[in-house]
Protein chains: 2
Amino acid sequence: MNATNTSDEILRSALSLIIAGGYNGFSYADISKVVGIRNASIHHHFPSKADLVRALVVRYREQADAGIAALEQNVPDPADQLRAYLGYWQACIADESAPFCACALLATQIPVLPEEVVVEVRAHFRALSSWLTSVLERGEAQGSLHLAGPAKAEAEAFMATVHGAMLSARAYGDAEMFGVITAPLLQRLAARA
Amino acid sequence: MNATNTSDEILRSALSLIIAGGYNGFSYADISKVVGIRNASIHHHFPSKADLVRALVVRYREQADAGIAALEQNVPDPADQLRAYLGYWQACIADESAPFCACALLATQIPVLPEEVVVEVRAHFRALSSWLTSVLERGEAQGSLHLAGPAKAEAEAFMATVHGAMLSARAYGDAEMFGVITAPLLQRLAARA
DNA sequence: CGACAATTACCTACTAGTAGGTAGAACATC
DNA sequence: GATGTTCTACCTACTAGTAGGTAATTGTCG
């Protein structure tokens, strides 16, 4: 087990702890229990908690960007891209592997977050919104998607509804709720002409 | 300053602290600083933190129910009721008096919340969803609102989008974002016939 | 190759400070 | 004088973070 693995494990366990309860919802002790190292050893990899969470969000964003890039390459149709995106989250929520977007959860706590974390969380929102905007624009240009307003506004509404659907699924304790809320998003965007 | 006022002040300061960072985002020390009493005195009014937050959510729900009842009495048109509901939150976010729904914020942290708090948070979601459903049904019956699907599903989507809009406003640090996301909700529901 | 320095990774032991919570005295008010 | 409220004083458990040390690995140079 080399260094890379340990700091990876720290980040992975911290991620799932954050998904459960956010920045103040976990401690170094929680991580050390999962990873199997001492509390102090975490500081070797990440000097402070803010460093740890910032690193975690940076990596989360990289993986999200990679996922989007893969989607862009493998799924040509804009509507199918949105469908795949929703399907990804539906699966994550259903199997409880990652039943919430870490950035969305952290964003709820922005007022009590270290500034370096806030910056990264904001960047994720901008990146996601920007990608969704481009998908909607492409879909509209191709005639496969019908937008009621500006692509940017539709993208923001799409993203917000997805985040709200995660929240409702958690609040009701019902993974199906995510699909109930998000499925109509696609239907509405499907062209009527 | 009698007992009622003090426990009221405790609940009020705890509410604004929860709105900022959720259950683990504040401590008794934070409350005592605001209210001007000693840490230990809070325990006289609320034996445990779980009791305090549960009481807070119960009161929050009562006030929400009262607000809805007032809306039912003063605003006859279903579309206007939705408009008033969104306007209420738009104002809360713009003046930063309560820039997030306390129950929505707590709901994000359900996995790390005491069970007695979870129960109350869930109840708020059900009550709000139930009211929105009734508004949509009434609007559809009157022909003033046009629903693309079942009223219950539309209500859940409406609520989720509102919560997501709060989140985006916070993430971007832009109160306007709430309106950008929620205004189209009303436009879409406005009858086209 | 072997010697030796530097680096990495983790440890034990500890710090100051904070968490929620308790016991009992003091004080006020009816 | 009884009741309700707040206080001081304290507790235990835990917080993030530090100090200093020990192996093991890696790089480098004669």
Side-chain angles (χ1 to χ4, degrees), chain A residues 1-18 20-57 59 106 109 111-118 120, chain B residues 1-57 59 102 105-106 109-118 120:
Chain A
M1 193 189 298
N2 61 24
T4 309
N5 282 344
T6 302
S7 89
D8 262 19
E9 279 185 65
I10 291 170
L11 288 178
R12 267 192 289 123
S13 73
L15 175 61
S16 74
L17 287 163
I18 280 181
Y23 191 85
N24 291 307
F26 76 101
S27 71
Y28 276 41
D30 296 321
I31 296 174
S32 50
K33 271 173 217 153
V34 176
V35 177
I37 58 171
R38 294 301 164 141
N39 198 314
S41 304
I42 301 171
H43 288 285
H44 168 71
H45 298 276
F46 307 99
S48 75
K49 193 178 184 181
D51 290 322
L52 167 56
V53 176
R54 194 193 130 276
L56 178 156
V57 177
R59 206 179 64 153
L106 287 171
Q109 304 171 4
V112 297
L113 250 40
E115 190 53 34
E116 59 261 53
V117 175
V118 174
E120 294 300 329
Chain B
M1 192 189 299
N2 61 23
T4 310
N5 282 344
T6 302
S7 90
D8 261 19
E9 278 185 66
I10 292 170
L11 288 179
R12 266 193 288 121
S13 73
L15 175 61
S16 74
L17 287 164
I18 279 180
I19 288 170
Y23 191 86
N24 292 307
F26 77 101
S27 71
Y28 276 41
D30 296 320
I31 296 174
S32 50
K33 272 172 216 152
V34 176
V35 177
I37 57 171
R38 294 300 163 146
N39 199 315
S41 303
I42 302 171
H43 287 285
H44 169 70
H45 299 277
F46 306 100
S48 76
K49 193 178 184 183
D51 290 323
L52 166 57
V53 176
R54 195 193 130 277
L56 178 157
V57 177
R59 206 180 65 153
L105 218 157
L106 287 171
Q109 304 171 5
I110 278 178
V112 297
L113 251 39
E115 190 54 33
E116 59 259 54
V117 175
V118 174
E120 294 299 329

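For the pair B:Phe26 and B:Ile31, the minimum side-chain heavy-atom distance is below 4.5 Å. Annotation: side chain of A:Asp30 is not in contact with side chain of A:Val34 (no heavy-atom distance under 4.5 Å). Using a 4.5 Å heavy-atom threshold, the side chains of A:Arg59 and A:Asp8 count as touching.
Note on A:Thr6: a side-chain N or O is less than 4.0 Å away from OP1 or OP2 of C:dC10. OP1 and OP2 of C:dC10 both lie 4.0 Å or more from every side-chain N or O belonging to A:His44. One finds no side-chain N or O of B:His43 lying less than 4.0 angstrom from the OP1 or OP2 phosphate oxygen of D:dT6. In this model, the phosphate group of D:dG17 is approached by a side-chain N or O of A:Tyr28 to a distance below 4.0 Å at OP1 or OP2. Put simply, B:Ser27 has no side-chain N or O that comes within less than 4.0 Å of OP1 or OP2 on C:dT18.
Here A:Ser41 lies in heavy-atom contact (under 4.0 Å) with a base. Residue-level contact check: A:Phe26 touches the backbone only, with heavy atoms under 4.0 Å from sugar-phosphate atoms and none from bases. Looking at heavy-atom distances under 4.0 Å, A:Ala29 makes contact with sugar-phosphate atoms alone, never a base.
Across D:dC7, C:dT12, C:dT22, the shortest atom-to-atom separation from the side chain of B:Ile37 is found for D:dC7. Side-chain atoms of B:Ser48 lie closest to C:dG21 of the nucleotides C:dC10, D:dT15, C:dG21. Closest approach to the B:Lys49 side chain among C:dC11, D:dA16, C:dG20 is made by C:dG20 (side chain taken as heavy atoms from C-beta onward).
Between B:Asp30 atom CG and C:dG17 atom P the separation is 17 Å, expressed in whole Å. The separation between A:Asn5 atom CG and C:dT8 atom C1' is 14 Å, rounded to whole Å. Between the P atom of D:dA13 and the CG atom of B:Asn24 lies a distance of 20 Å, rounded to the nearest Å. Residue B:Asn39 contributes atom CG, which lies 16 Å from atom P of D:dC11 at whole-angstrom precision. The CZ-C1' distance, from B:Arg38 to C:dA23, rounds to 17 Å in whole Å.
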Quick one: side chains of residues 50-57 of chain A, donor-acceptor pairs under 3.5 Å with protein atoms, not counting sequence neighbours, listed by atom name and distance.
from    : atom 1 : to      : atom 2 : distance (Å)
A:Asp51 : OD2    : A:Ser48 : N      : 3.1
A:Asp51 : OD2    : A:Ser48 : OG     : 3.0

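In terms of modelled atom types and a separation under 3.5 Å, the side chain of A:Tyr28 and the main chain of A:Lys49 share a donor-acceptor contact.
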